[in-house]
Peer 1: 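My structure is below; once you've seen it, I'll send some questions.
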There are 2 protein chains.
Amino acid sequence: MPDRRGATRRPEPGCPVEVALAAVSGRWTTLVLRELMHGSRSFGDLRAALPALSAKVLTDRLDDLCRRALVDRQRQRGFPARTRYRLTPAGRQLRPLLVELYRTGDALLRAADGERPPR
Amino acid sequence: MPDRRGATRRPEPGCPVEVALAAVSGRWTTLVLRELMHGSRSFGDLRAALPALSAKVLTDRLDDLCRRALVDRQRQRGFPARTRYRLTPAGRQLRPLLVELYRTGDALLRAADGERPPR
DNA sequence: CCGCATCCGATTGGATACTG
DNA sequence: CAGTATCCAATCGGATGCGG
């Protein structure tokens, strides 16, 4: 990618970098993905794991992930209603990216601390 | 990170994943970083390489990257003014992340195409 | 040449209350 | 239980014009 020909001169939605970034950006997205990396979850499971996340934003995130085919939704109608969310094979491909995000962020934090040595 | 204890239950700014995501998100950010990965650039160099990027947004991006200590600004005052931007050692640490973003996005695009096979 | 100042429309995230 | 419906403040990206 560094210096690959076909490099874009504007942010095109079809650029691979934009596609990956769109998949993980947005507030709470990485935390929802982390939960689903551990296995399938219901709407309520996710709310319990992330108590500060409102229902509206959780719905937004899940809708978005479903539209991108990274998450699969299984509704079981009736009362009480039940819905299970799980990663698709495409969604599972995000794992190395999340690991790399953690690794890079950790390196940046260490670099910043190194400048002002921990007295 | 997957299932690491100390895992956050809300989006805290000190979380490594948030730090790395903040460094590369925002429209045009990855393209500006790509240019700087190739070496130091002036404000005008960047505008020429990314013609559809307005001066205001470029300034926003560079200010942000400087505040995060990922980019270093060297002003040479006078007329005409000159400023050179270059990655700091911390900024260069973003390269593997950008590569991983490209790799993952590419994999997602291939997965999506595979579903509707290219006739 | 390198920005900053303004203004603006669109998108975002969150709070709150209600429904199948 | 699993959402939907409103409403709102804040942020964002972009256009345009001026200033050192």
Side-chain angles (χ1 to χ4, degrees), chain A residues 8-13 15 17-18 21-33 35-36 39-68 71-86, chain B residues 8-13 15 17-19 21-33 35-36 40-68 71-86:
Chain A
T8 53
R9 305 185 97 59
R10 51 173 54 71
E12 303 182 52
C15 167
V17 173
E18 300 291 323
L21 223 30
V24 295
S25 57
R27 207 154 137 88
W28 296 98
T29 303
T30 56
L31 295 178
V32 171
L33 287 171
E35 291 306 313
L36 294 175
S40 87
R41 293 287 186 272
S42 70
F43 193 87
D45 289 339
L46 294 170
R47 295 217 64 189
L50 305 168
L53 168 56
S54 75
K56 184 236 187 192
V57 174
L58 178 54
T59 302
D60 287 351
R61 290 302 167 267
L62 290 170
D63 286 352
D64 193 61
L65 291 168
C66 286
R67 272 188 294 98
R68 294 180 199 280
V71 164
D72 175 55
R73 169 192 276 126
Q74 277 150 21
R75 291 192 151 107
Q76 286 129 41
R77 286 234 162 59
F79 292 87
R82 276 260 135 199
T83 310
R84 298 209 63 82
Y85 294 91
R86 53 188 248 281
Chain B
T8 54
R9 303 185 100 59
R10 52 173 54 72
E12 304 182 53
C15 167
V17 174
E18 300 290 324
V19 169
L21 223 30
V24 297
S25 57
R27 208 154 135 89
W28 294 98
T29 302
T30 55
L31 296 177
V32 171
L33 287 172
E35 291 305 313
L36 294 176
S40 87
R41 294 287 188 271
S42 70
F43 193 88
D45 289 339
L46 294 169
R47 295 217 64 189
L50 305 168
L53 168 56
S54 76
K56 185 235 185 193
V57 175
L58 177 55
T59 301
D60 287 352
R61 290 301 167 265
L62 291 171
D63 285 352
D64 193 61
L65 291 168
C66 286
R67 271 188 296 96
R68 294 181 199 281
V71 164
D72 174 56
R73 169 191 276 127
Q74 276 150 21
R75 292 192 150 106
Q76 286 129 39
R77 287 235 161 59
F79 291 88
R82 276 259 135 200
T83 310
R84 300 208 63 82
Y85 294 93
R86 53 189 248 280

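So that the names make sense, note that chain A is the first sequence line, chain B the second, and so on, each numbered from 1. Bear in mind the structure is a predicted one, so any value in this text is a computation, not a measurement.
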Peer 1: D/dG3 phosphate, OP1 or OP2: any side-chain N/O from A/Tyr85 under 4.0 angstrom?
Peer 2: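 Looking at the OP1 and OP2 atoms of D/dG3, one of them is under 4.0 Å from a side-chain N or O of A/Tyr85.
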Peer 1: Stepwise, does the side-chain contact (heavy atoms from CB on, under 4.5 Å) test hold for A/Cys66 with A/Asp63?
Peer 2: CA-CA 5 Å; A/Cys66 286; A/Asp63 286 352; 5.8 Å; no
Peer 1: Starting from C1' on D/dG20, measure out to CZ on B/Arg77 and report it in whole angstrom.
Peer 2: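 Computing the B/Arg77:CZ to D/dG20:C1' distance gives 9 Å.
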Peer 1: If the condition is salt bridge (Lys or Arg N to Asp or Glu O under 4.0 Å), which residues does B/Arg27 pass it with, not counting sequence neighbours?
Peer 2: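 Result, salt bridge (Lys or Arg N to Asp or Glu O under 4.0 Å) vs B/Arg27: none returned.
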Peer 1: How about B/Tyr85 and B/Leu36: do any of their side-chain heavy atoms sit closer than 4.5 Å?
Peer 2: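 B/Tyr85 vs B/Leu36: side chains touch.
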Peer 1: C/dG3 P sits how many Å from B/Phe79 CZ, rounded?
Peer 2: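 The distance from CZ of B/Phe79 to P of C/dG3 comes to 13 Å, rounded to the nearest Å.
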Peer 1: Does a sphere of radius 6.0 Å around CZ in B/Arg73 hold more than 12 heavy atoms from other residues, nucleotides or ligands, not counting ones at 6.0 Å or beyond?
Peer 2: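 It does: B/Arg73 CZ has more than 12 such atoms within range.
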Peer 1: Closest-nucleotide mapping onto DNA chain C: is A/Pro80 or A/Ser25 further toward the 5' terminus? I mean the 5' end.
Peer 2: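 Result of the comparison: A/Ser25.
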Peer 1: Taking five pairs at each end of the helix from C/dC1-D/dG20 to C/dG20-D/dC1, what angle separates the two helix axes (nearest 10°)?
Peer 2: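 For the helix from C/dC1-D/dG20 to C/dG20-D/dC1, the axes at either end differ by 50°.
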Peer 1: Could I get the full list of side chain to side chain donor-acceptor pair (under 3.5 Å) partners for B/Ser40, not counting sequence neighbours?
Peer 2: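 In terms of side chain to side chain donor-acceptor pair (under 3.5 Å), with neighbours along the sequence ignored, B/Ser40 is linked to B/Arg84.
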Peer 1: Checking contacts here: which listed nucleotide (C/dC2, C/dG13, D/dG3) is nearest the side-chain heavy atoms of A/Arg27?
Peer 2: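 Output: C/dG13.
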Peer 1: Quickly work out the B/Trp28 CH2 to D/dG13 P distance and round it to whole Å.
Peer 2: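 It works out to 12 Å between those atoms.
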Peer 1: Taking B/Thr8 for the side chain and B/Pro11 for the main chain, is one N or O donor matched with an acceptor at less than 3.5 Å?
Peer 2: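 Absent.
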Peer 1: Nearest to the side chain of A/Thr83 - C/dC1, C/dG3, D/dG3?
Peer 2: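 From the listed options, D/dG3 comes nearest.
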Peer 1: Short of 4.0 Å, heavy atom to strand atom, which residues of residues 44-51 of chain A count as contacting DNA chain D?
Peer 2: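 Close to the strand are A/Gly44.
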Peer 1: Any sub-3.5 Å donor-acceptor pair from A/Asp45's side-chain atoms to A/Ser42's backbone N or O?
Peer 2: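 Such a contact is found between A/Asp45 side chain and A/Ser42 backbone.
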Peer 1: Nearest whole angstrom, please: distance from the C1' of C/dC2 to the CZ of B/Arg41.
Peer 2: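 Going from CZ in B/Arg41 over to C1' in C/dC2 covers 18 Å.
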Peer 1: By the definition side chain to side chain contact (heavy atoms under 4.5 Å, CB included), identify the one residue from B/Leu53, B/Leu62, B/Leu31 that meets it with B/Leu46.
Peer 2: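 The option that passes is B/Leu62.
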Peer 1: Could you tell me how far apart A/Phe43 (CZ) and C/dT19 (P) are, to the nearest whole angstrom?
Peer 2: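 Whole-Å distance recorded here is 18 Å.
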Peer 1: Which of residues 52-67 of chain A have a heavy atom under 4.0 Å from DNA chain C?
Peer 2: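 Under 4.0 Å from DNA chain C: A/Lys56, A/Val57, A/Arg61.
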Peer 1: Quick check: do A/Val71 and A/Val32 have side-chain heavy atoms less than 4.5 Å from each other?
Peer 2: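 Contact flag for A/Val71/A/Val32 side chains = no.
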Peer 1: Check salt bridge (Lys or Arg N to Asp or Glu O under 4.0 Å) between B/Arg67 and all other residues, then give those that pass, not counting sequence neighbours.
Peer 2: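 B/Arg67 satisfies salt bridge (Lys or Arg N to Asp or Glu O under 4.0 Å) with B/Asp64 once adjacent residues are dropped.
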Peer 1: If only side-chain N and O atoms of A/Arg75 are considered, is one of them under 4.0 Å from the OP1 or OP2 phosphate oxygen of D/dG3?
Peer 2: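 So the side-chain polar atoms of A/Arg75 do come within 4.0 Å of the phosphate oxygens OP1 or OP2 of D/dG3, strictly under.
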Peer 1: Dump the intermediate steps for side-chain contact (heavy atoms from CB on, under 4.5 Å) on B/Thr59 and B/Phe43, then the final yes or no.
Peer 2: CA-CA 9 Å; B/Thr59 301; B/Phe43 193 88; 3.7 Å; yes
